[in-house]
Every structure is written in C-alpha cells, then in structure tokens.
Amino acid sequence: MSKIGIIMGSKSDLPVMQDAIDILKEFNIEVEVDIVSAHRTPEKLFDYGKNAHTRGFSVIIAGAGGAAHLPGMIASLSPLPVIGVPVKSTNSIDGWDSILSILQMPGGVPVATVALNGAKNAGILAAQIIGSSDAQVQEKIIAYKEDLKAKVIASAQDLK
C-alpha cells in the first residue's frame with residue numbers, strides 16, 4: 001500500500017495542510033504528517049529527504065510559507081515526486097514569496113507546485129500519481145471526479 005508524507009515548516013501551516021490530509025483519507029491513502037523546518041531543523045530535513053523512499057512513501061507533499069525552502073530542499077535530497085504547497089504565512093508578502101520560492105526551482109530539481117494554500121489539490125495530485133499504478137486508487141479518483149461533475153450539473157439545474 002502506498003503512503004504519502006505530508007510535511008510542513010511549522011505547526012502554523014497545519015490548517016492549510018489539513019485539506020491534503022482530509023482528501024487523502026477520503027481516498028483511503030495512508031498519510032504520515034510531520035513538521036520539518038528547513039531553517040530550524042536542517043538535520044531532520046536531510047534525514048527525511050534522504051530516507052523517505054526507504055520508509056514506504058510514494059510522494060511527499062511539503063507545505064511552507066515565507067522563504068519556503070522546504071519543498072525544494074526535500075526535492076534536492078529525495079528521488080520521490082515532491083508537491084509543494086505555498087502557504088500564506090503571517091510574515092508573507094501576499095504569499096508571492098512562498099509561491100515563487102517553490103515554483104522557481106532550477107532545472108534538474110523539480111517541485112510540482114499548486115496554488116497558494118492549495119493543499120487539497122496537492123492531495124488530489126498525489127493520489128493521481130499513486131493512481132497511475134494502483135487501480136483501486138484510480139477508481140476512487142474517477143468516482144471523485146464524477147461526483148464533482150454531478151455537483152456542477154445539480155448547481156446548474158438549481159439556476160433554472
């Protein structure tokens with residue numbers, strides 16, 4: 001069974017990252033959540049990044065605000081796909097500092113980046129990555145998307 005690592009720079013990021021946790025649990029995908037600060041716990045970051053693939057993770061979702069080094073540093077250390085979630089923190093400059101820190105990775109060190117505070121989409125993307133080789137997860141994603149479609153159709157009907 002696949003497992004997704006969800007890490008964040010500080011506990012203050014949890015309200016945003018909870019959306020990824022919730023959607024992955026909805027898909028019955030195991031998650032392990034931790035706080036790994038690129039600036040305050042660099043040794044933990046190195047250990048996590050170098051060893052995540054040996055601990056059964058398939059994808060890492062990394063949320064960070066401000067300077068937002070966490071997703072890129074993890075991506076530089078791990079062979080796993082990393083999805084970065086820019087978090088608009090209290091010391092952020094409208095969130096653009098986080099977005100650009102995660103989005104503008106140098107060639108050779110990719111980080112898939114979702115929208116500001118877009119942890120739900122990070123969770124869905126991680127599930128889709130797993131679903132590309134796990135038929136049960138893929139079926140759950142198909143059902144989820146069909147449900148989204150049904151909700152839009154129902155909303156359109158409500159307008160008439």
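A distance of 7.0 Å separates OG in S98 from CG in L116, rounded to the nearest 0.5 Å. From I142, atom CD1 reaches atom CD of Q128 across 10.5 Å, with rounding to the nearest 0.5 Å. A distance of 9.0 Å separates OG1 in T41 from CD1 in I35, rounded to the nearest 0.5 Å. Remark: K88 NZ to N117 CG distance equals 8.5 Å, nearest 0.5 Å. With rounding to the nearest 0.5 Å, the separation of OG1 in T113 from CG in N121 is 12.5 Å. Here M8 contributes atom CE and Q18 contributes atom CD; the two are 8.0 Å apart, rounded to the nearest 0.5 Å.
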*Kindly indicate, with the supporting measurements, whether the criterion side-chain contact (heavy atoms from CB on, under 4.5 Å) is fulfilled by V85 and D19.*
CA-CA 11 Å; V85 179; D19 289 341; over 6 Å; no

*Assess whether side-chain contact (heavy atoms from CB on, under 4.5 Å) is satisfied between D97 and N91, documenting all intermediate values.*
CA-CA 10 Å; D97 47 348; N91 66 340; 5.8 Å; no

_Intermediate values then yes/no, side-chain contact (heavy atoms from CB on, under 4.5 Å), V31 and I61_ = CA-CA 10 Å; V31 298; I61 298 173; over 6 Å; no

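In the hydrophobic clustering of ILVMFWY residues, with side-chain heavy atoms under 4.5 Å counting as a link, L80 and I102 come out together. Cluster membership check: V82 does not share its hydrophobic cluster with I6, using side-chain heavy-atom separations under 4.5 Å among Ile, Leu, Val, Met, Phe, Trp and Tyr. No continuous path of hydrophobic side-chain contacts links L100 to I74 [ILVMFWY only; heavy atoms under 4.5 Å]. Tracing side-chain contacts under 4.5 Å through hydrophobic residues (I, L, V, M, F, W, Y), one reaches M105 starting from L45; they form part of the same cluster. A chain of hydrophobic side-chain contacts below 4.5 Å, direct or via other Ile, Leu, Val, Met, Phe, Trp or Tyr residues, connects I23 to L148.
Under the rule for a side-chain hydrogen bond (donor to acceptor under 3.5 Å, both in side chains), S101 has no partner lying at least two apart in sequence or in another chain. Applying the salt bridge (Lys or Arg N to Asp or Glu O under 4.0 Å) criterion to E32, with sequence neighbours excluded, gives K3, R55. Among residues two or more places apart in sequence or in another chain, the side-chain hydrogen bond (donor to acceptor under 3.5 Å, both in side chains) test is passed with E139 by none. In this view, E146 and K149 satisfy the salt bridge (Lys or Arg N to Asp or Glu O under 4.0 Å) rule, not counting sequence neighbours. Considering only residues two or more places apart in sequence or on other chains, K151 meets the salt bridge (Lys or Arg N to Asp or Glu O under 4.0 Å) condition with D147.
Residues A62 and L70 share a closest heavy-atom pair of CB-CG, 4.2 Å. Contact detail for S12 and S10: the closest heavy-atom pair is OG-OG, 2.8 Å. Nearest approach of V111 to A75, heavy atoms of both residues: CG2-CB, 3.5 Å. The shortest heavy-atom contact between P86 and A115 is CD-O, 3.7 Å. The heavy-atom pair separating I29 from A127 by the smallest distance is CD1-CB, 3.7 Å. S78 and I60 get closest at one heavy-atom pair: OG-CD1, 3.9 Å.
Other residues, nucleotides and ligands place no more than 12 heavy atoms under 6.0 Å from the CD atom of Q136.
Listed by first then second residue, pairs satisfying salt bridge (charged side-chain N to carboxylate O under 4.0 Å, His left out) with a partner in residues 38-52 read D34-K44, not counting sequence neighbours.
Two residues are said to be in side-chain contact when any heavy atoms from C-beta on lie closer than 4.5 Å; I130 and F27 fail this criterion. Two residues are said to be in side-chain contact when any heavy atoms from C-beta on lie closer than 4.5 Å; M17 and I7 fail this criterion.
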